[in-house]
Amino acid sequence: MKTDTKISAKKSWAKSLARPAAEFPLTQLSVKTGKIPEGLRGTLYRNGPGRLQRGGVAAGHWFDGDGAILAVHFTDVGATAVYRYVQTAGYLAEEKADKFLYSNYGMTAPGPAWLRWTKSVKNAANTSVLALPDRLLALWEGGPPHRLDLQTLETQGTDDLGSLDSKFVYSAHCKRDPITGNIFNFGVTNGATTKLNLYKSDFTGKVVQQSTVALDGIYALHDFVFAEKYLIFFIPPVQVNFLPLLTGISSYSESFKWKPELGTQILIFDSETLSLVSRGETEPWFQWHFANGFVKEDGSVAVDFVRFADFQTNQRLKEVPTGETSTDAEGTLWRVHLNPQTGKVTGIEELLDKPCEFPVVPADEVGQDARYIYLAMYRPDVDIVPERYGAIARFDTQSRNLTIADCGENRYPTEPIYVPDISSEKGWIVTVIYDGNSDSSEVWIFDSEGLDRAPVCKLGLPGVIPLGFHGTWKSAV
């Protein structure tokens with residue numbers, strides 16, 4: 001009997017993406033080991049692509065999958081969870097047709113190329129979430145957010161944040177000032193002139209201030225930094241070759257070109273006025289995600305982020321939906337020192353020389369000098385090219401010590417979320433694990449001071465949650 005060596009060569013993480021994820025209703029979760037901490041009260045929300053194929057056709061890129069949200073509610077009587085797709089207009093239309101109908105980040109719409117430019121890009125609502133007092137927003141790169149019920153995850157349409165028009169773009173990586181409660185975000189709109197639009201919202205999500213600055217091309221811009229007084233953008237030298245995109249020949253992903261001769265542009269804005277303070281330029285690199293930024297005692301700014309040598313990371317992420325990755329493109333943790341008044345880089349240092357991603361700091365330390373950065377990493381001694389992250393870690397920016405939680409063979413965690421204890425000074429790290437050994441998903445809770453110890457609690461989920469992107473925590477009132 002002939003063996004399908006292509007399938008057997010895949011790593012266990014591939015099984016989590018091999019079939020569309022199945023929704024499940026609000027379900028009481030069983031405690032598999034340990035116990036839920038008494039001070040862990042609130043809700044974990046996570047977003048990511050739940051469906052990467054339709055009608056036998058695979059999505060073109062990991063970023064193209066339909067967004068599905070997991071909510072895990074922790075109360076005095078235990079934990080419950082619900083998992084639902086965001087009911088975007090594009091998702092509903094493709095569900096009905098049982099085939100892809102739209103262009104997306106890594107896909108062109110079906111049909112003749114000369115007709116593709118007339119078709120809209122699908123809002124996949126698959127990248128992150130923002131928890132507001134009265135609603136949850138599902139965030140995506142290229143359009144407005146979708147509004148969901150905080151408890152049931154019922155989709156209630158798109159959200160205009162109080163005043164914005166239907167075509168506005170609200171990106172996936174908003175930042176919340178832990179002192180004022182203000183929320184900052186951006187959106188890039190393309191046209192005759194590319195515009196970087198900045199938004200400031202109050203704690204309810206209502207936009208109270210906006211500003212716009214022109215960019216000299218269409219860039220791959222995914223994230224930014226809030227550093228108390230400043231909003232900081234690193235614009236990598238990745239530009240769209242516009243003609244193939246406009247004519248429908250190529251997708252966004254295929255149209256981006258690495259142009260290291262342009263260098264990395266630095267834009268620094270005043271977080272109070274949203275006005276441009278300075279522009280600078282430095283050596284070329286690419287980044288998806290920032291950990292944090294803060295103003296130092298001398299008035300300079302430090303920015304921590306995961307730095308990639310070039311844009312090959314995009315090819316690697318394109319391979320993820322196939323279940324096999326062959327591109328070696330990983331980033332490491334770096335710190336850049338800036339003069340905010342001039343935009344000039346005064347120093348660059350590598351903080352951690354191990355491949356990592358999804359860096360986060362505790363929410364109440366965003367924009368401050370946070371000591372600890374939490375990361376997703378690889379397990380020790382694995383071949384990282386075909387694998388995905390199998391560990392989470394805490395990096396101490398003062399001592400430079402690294403504490404690793406190895407999740408075990410064939411187990412894959414999501415971005416680690418720091419959760420404050422409501423009744424003490426303790427903190428917890430919560431992550432969702434896909435276990436390829438049992439083809440199941442679990443919620444693991446670690447003591448933030450003991451990541452190298454066993455989880456204090458493991459909860460079983462009723463269905464598989466595919467490898468995804470970003471999440472947030474909303475504490476109980």
Side-chain angles (χ1 to χ4, degrees), residues 42-49 67-73 82-88 123-164 168-188 197-210 221-226 231 271 288-292 358-367 414-415 417-420 430 432 468-477:
T43 301
L44 172 73
Y45 297 101
R46 292 212 56 87
N47 196 352
I69 311 292
L70 171 71
V72 184
H73 305 297
V82 57
Y83 185 59
R84 298 184 72 173
Y85 283 94
V86 185
Q87 306 289 298
T88 69
N123 184 329
N126 66 5
T127 311
S128 193
V129 278
L130 172 60
L132 297 171
D134 62 345
R135 65 200 190 277
L136 181 73
L137 299 185
L139 306 179
W140 179 66
E141 222 55 351
H146 282 74
R147 175 184 182 132
L148 282 73
D149 183 274
L150 286 164
Q151 290 296 314
T152 67
L153 302 184
E154 176 189 2
T155 303
Q156 300 168 344
T158 56
D159 196 301
D160 67 0
L161 303 180
S163 61
L164 301 178
F168 81 103
V169 174
Y170 193 78
S171 196
H173 284 287
C174 52
K175 311 294 179 183
R176 196 192 306 255
D177 183 340
I179 298 173
T180 67
N182 289 331
I183 301 165
F184 299 90
N185 205 352
F186 74 97
V188 176
N197 306 297
L198 303 184
Y199 306 109
K200 180 195 289 187
S201 300
D202 64 19
F203 77 99
T204 70
K206 181 181 178 180
V207 171
V208 296
Q209 198 172 347
Q210 301 178 58
L221 192 57
H222 182 72
D223 195 4
F224 74 110
V225 164
F226 168 75
L231 309 178
S271 64
W288 292 112
H289 302 121
F290 294 91
N292 195 30
F358 300 115
V360 296
V361 300
D364 64 354
E365 298 178 25
V366 170
T414 57
E415 163 197 66
I417 301 293
Y418 179 90
V419 177
V430 183
V432 176
F469 299 138
H470 302 289
T472 193
W473 175 262
K474 188 177 190 297
S475 290
V477 178

Expected output: side-chain [X] to main-chain [Y] donor-acceptor under 3.5 Å:
X: Asn47; Y: Ala125; value: yes
X: Gln151; Y: Asp149; value: no
X: Asn292; Y: Gly367; value: yes
X: Asn126; Y: Gly67; value: no

Non-hydrogen atoms of Val86 and Ala138 that approach each other most closely:
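In this case the closest contact between Val86 and Ala138 is CG2-CB, 4.0 Å.
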
With sequence neighbours excluded, residues passing salt bridge (Lys or Arg N to Asp or Glu O under 4.0 Å) with Asp159:
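Listed in chain order: Arg135, Arg147.
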
Do [X] and [Y] have side chains that get closer than 4.5 Å, going by heavy atoms?
X: Gln87; Y: Glu154; answer: no
X: Asp134; Y: Thr204; answer: no
X: Leu130; Y: Leu139; answer: yes

[X] [atom1] to [Y] [atom2] distance, which is reported to the nearest 0.5 Å:
X: Tyr418; Y: Asp364; atom1: OH; atom2: CG; value: 7.0 Å
X: Ser201; Y: Leu132; atom1: OG; atom2: CG; value: 8.0 Å
X: Phe358; Y: Thr414; atom1: CZ; atom2: OG1; value: 9.0 Å
X: Tyr83; Y: Leu70; atom1: OH; atom2: CG; value: 7.5 Å
X: Thr127; Y: Phe469; atom1: OG1; atom2: CZ; value: 6.5 Å
X: Asp202; Y: Asn182; atom1: CG; atom2: CG; value: 7.0 Å

Do you know which of Asp177, Leu198, Val225 makes side chain to side chain contact (heavy atoms under 4.5 Å, CB included) with Phe184?
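With Phe184 as partner, side chain to side chain contact (heavy atoms under 4.5 Å, CB included) holds for just one option, Asp177.
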
Residues that Glu141 engages under side-chain contact (heavy atoms from CB on, under 4.5 Å), provided they are two or more places apart
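Once residues adjacent in sequence are excluded, the partners of Glu141 under the side-chain contact (heavy atoms from CB on, under 4.5 Å) criterion are Ser171, Ala172, His222.
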
Take Val430 and Val72 through the test side chain to side chain contact (heavy atoms under 4.5 Å, CB included) and record every step on the way to the result.
CA-CA 11 Å; Val430 183; Val72 184; over 6 Å; no

Name the orientation class of the two ring planes belonging to Tyr170 and Phe168 (parallel below 30°, tilted from 30 to 60°, perpendicular beyond 60°).
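Plane angle over 60°, so perpendicular.
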
Who passes side chain to side chain donor-acceptor pair (under 3.5 Å) against Thr43, sequence neighbours left out?
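Once residues adjacent in sequence are excluded, the partners of Thr43 under the side chain to side chain donor-acceptor pair (under 3.5 Å) criterion are His73.
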
Step by step, would you call His173 with Phe224 a ring pair (Phe, Tyr, Trp, His ring centres under 6.0 Å)?
CA-CA 7 Å; His173 284 287; Phe224 74 110; 8.7 Å; no

